[in-house]
*Asks:* 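Questions regarding the structure given below will be posed in turn.
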Amino acid sequence: MIEIDSVSKVFGSGATAFTALNDVSVTIRENEFFTLLGPSGCGKTTLLRTIAGFNAPSSGSVRLDGEDLVALPPYKRPVNTVFQNYALFPHMTVAENIGFGLDMLNRPKSEIKATVAEMLELVQMTPMADRRTSEISGGQQQRVALARALAPRPKVLLLDEPLSALDYKLRKGMQVELKRLQNETGITFVFVTHDQEEALSMSDRIAVMSNSRILQVGSPHDIYDHPAERFVAEFIGETNFLTGKIAGQEGETLRVALDVGGEIIARQPPGDPAGQAVTVAVRPEHAHFCAPDSAEATVTGEVSNVVYLGTDTHFHLVLSDGTPFALRLQNTPERAADAKLGDRVGIRVAPGVAQVLRD
Ligand code: ATP
């Protein structure tokens with residue numbers, strides 16, 4: 001639905017020129033909850049503003065339903081934005097704020113009234129319709145900002161860290177709300193966040209950004225279980241990195257001789273790994289204890305720390321060459337005896353669970 005093709009954005013010129021988007025291409029599908037995820041300064045907001053029309057790309061094209069958007073001013077695009085600070089009008093009531101965009105579009109009064117009533121229901125703010133927005137809470141202001149942006153029924157809603165001003169509990173509640181609103185309205189949401197948990201829990205697909213580029217696009221499951229490169233594996237969740245050399249190929253998996261000793265069977269990265277030397281990513285919850293130096297053990301190490309976390313226990317291990325390794329076990333009543341501080345332990349990683357990273 002939204003096709004972003006080789007978009008670059010350079011701010012300034014000469015010695016002070018800064019490339020905020022570097023040859024970014026991505027297609028966002030109709031009706032999807034699409035998230036741009038990455039650390040501060042990686043270019044998320046710049047990409048969002050390019051879709052909205054507040055930024056003109058230095059090169060490349062942005063199309064919506066096949067139509068070139070770049071020449072259209074923001075107000076002519078079937079796109080609306082919810083900003084981080086909500087930007088509500090404090091002297092207007094909740095209902096007036098929600099109807100504001102429709103008023104500007106000169107829609108008939110009866111239609112505005114009906115749409116405002118519908119939007120108030122959608123965001124569960126009907127009882128507060130006549131309050132001024134300066135007299136409602138932060139979470140309620142967030143709902144009004146959403147309702148106002150949804151009221152003209154845009155094809156696309158852009159959301160720039162809309163939950164960052166809310167406290168933890170309210171944010172969790174609004175995450176569920178946003179997902180519900182997107183489902184109910186069928187509007188395509190493009191959501192910006194630097195919070196990996198927020199991205200994993202809400203999105204149909206995620207684009208992971210770093211240094212003005214998109215590194216990987218995929219479902220939350222793809223991104224977490226099949227990170228293509230080190231940055232993605234590190235930014236989303238916790239990961240162990242083991243280095244080694246490719247020793248053979250077996251179907252979709254590679255046999256990697258680890259530098260620390262032993263072998264691991266891990267999934268191939270997208271595309272070919274460039275050389276023989278590779279890094280393998282292993283999630284802490286994908287490793288299990290077994291007898292040290294046994295045939296079962298992928299590697300052997302020593303327990304250097306044990307952290308009890310209620311639902312899980314987190315073990316810090318050190319492999320024989322000094323490489324740190326984290327292992328996480330769920331605390332179920334059936335679980336076999338733990339390893340203790342100082343124990344020598346075997347660590348088993350099942351074949352095909354770990355991921356070889358792209359260089
Ligand atoms: P955050 O999560 O902190 O909002 P972001 O990923 O959204 O970060 P952007 O706001 O897109 O990052 O900014 C990307 C880079 O481009 C930053 O280094 C920023 O300083 C720079 N930048 C953004 N807007 C401008 C501008 N108008 N002029 C010059 N540089 C800019």
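Ligands are counted one by one from 1 in listed order, and the atoms in each one are counted from 1 as well. The analysis underlying the following values was restricted to heavy atoms, covering all of them including side chains, and did not include hydrogens, waters or symmetry mates.
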*Asks:* Could you tell me whether Phe18 and ligand 1 have an N or O pair separated by under 3.5 Å?
*Replies:*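 There is no such contact.
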*Asks:* Quick one: which ligand 1 atoms are inside 4.0 Å of a heavy atom on Pro39?
*Replies:*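 Ligand 1 atoms under the 4.0 Å threshold to Pro39: 6 (O).
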*Asks:* Where do Glu32 and Arg205 come nearest, in terms of heavy atoms and distance?
*Replies:*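 Taking Glu32 first and Arg205 second, the nearest heavy atoms are OE2-NH2, 2.8 Å.
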*Asks:* Return yes when at least one protein heavy atom is under 4.0 Å from atom 20 (O) of ligand 1, and no when none is.
*Replies:*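 For atom 20 (O) of ligand 1 the answer is no, since every protein heavy atom stays at 4.0 Å or beyond.
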*Asks:* If we only consider heavy atoms of Gly38, is any one of them less than 4.0 Å away from an atom in ligand 1?
*Replies:*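 No, that is not the case, since the closest heavy atom of the residue is not under 4.0 Å from the ligand.
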*Asks:* Gly43 heavy atoms, cut-off 4.0 Å: which ligand 1 atoms fall inside?
*Replies:*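 Answer, ordered by atom number: 5 (P), 6 (O), 11 (O), 12 (O), 14 (C).
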*Asks:* Please could you name the atoms of ligand 1 that Thr46 approaches to less than 4.0 Å, counting only its heavy atoms?
*Replies:*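 Contacts of ligand 1 toward Thr46, numbered from 1: 9 (P), 11 (O), 13 (O), 14 (C).
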*Asks:* Can you confirm if the NZ or CZ of Arg230 lies within 45° of the ring axis of Phe241 and under 6.0 Å from the centre of its six-membered ring?
*Replies:*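 Output yes; distance and angle both within limits.
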*Asks:* If we only consider heavy atoms of Gly41, is any one of them less than 4.0 Å away from an atom in ligand 1?
*Replies:*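 Gly41: in contact with ligand 1 (<4.0 Å).
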*Asks:* Identify, with sequence neighbours excluded, every residue that meets side-chain contact (heavy atoms from CB on, under 4.5 Å) alongside Phe235.
*Replies:*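 Result, side-chain contact (heavy atoms from CB on, under 4.5 Å) vs Phe235: Leu37, Pro39, Phe231.
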*Asks:* Hey, does Arg49 sit under 4.0 Å from ligand 1 if you only count heavy atoms?
*Replies:*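 No, that is not the case, since the closest heavy atom of the residue is not under 4.0 Å from the ligand.
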*Asks:* Could you tell me whether Arg348 sits above the aromatic face of Phe289, with NZ or CZ closer than 6.0 angstrom to the six-membered ring centre and within 45 degrees of the axis?
*Replies:*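 Not flagged: Arg348 not positioned over aromatic ring of Phe289.
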*Asks:* Can you confirm whether or not the ring centre of Phe11 sits under 6.0 Å from the ring centre of Phe18?
*Replies:*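 Between Phe18 and Phe11, which both carry aromatic rings, the centre distance is not below 6.0 Å.
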*Asks:* Is the shortest N/O to N/O distance between His194 and ligand 1 below 3.5 Å?
*Replies:*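 It does not: no N or O of His194 is found under 3.5 Å from an N or O of ligand 1.
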*Asks:* Specify side chain, backbone, both or neither for Ser212, according to which of its non-hydrogen atoms lie closer than 4.0 Å to ligand 1.
*Replies:*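 For Ser212, there is no contact with ligand 1 at all, from either part.
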*Asks:* Should Glu229 and Arg358 count as an ion pair when the cut-off is N to O under 4.0 Å?
*Replies:*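 Arg358 and Glu229: salt-bridged.
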*Asks:* Checking the N or O distance criterion of under 3.5 Å, is ligand 1 in contact with Phe11?
*Replies:*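 No; every N/O pair is 3.5 Å or more apart.
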*Asks:* Could you check whether Phe100 and Phe89 have their ring centres less than 6.0 Å apart?
*Replies:*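 They qualify: ring centres under 6.0 Å apart.
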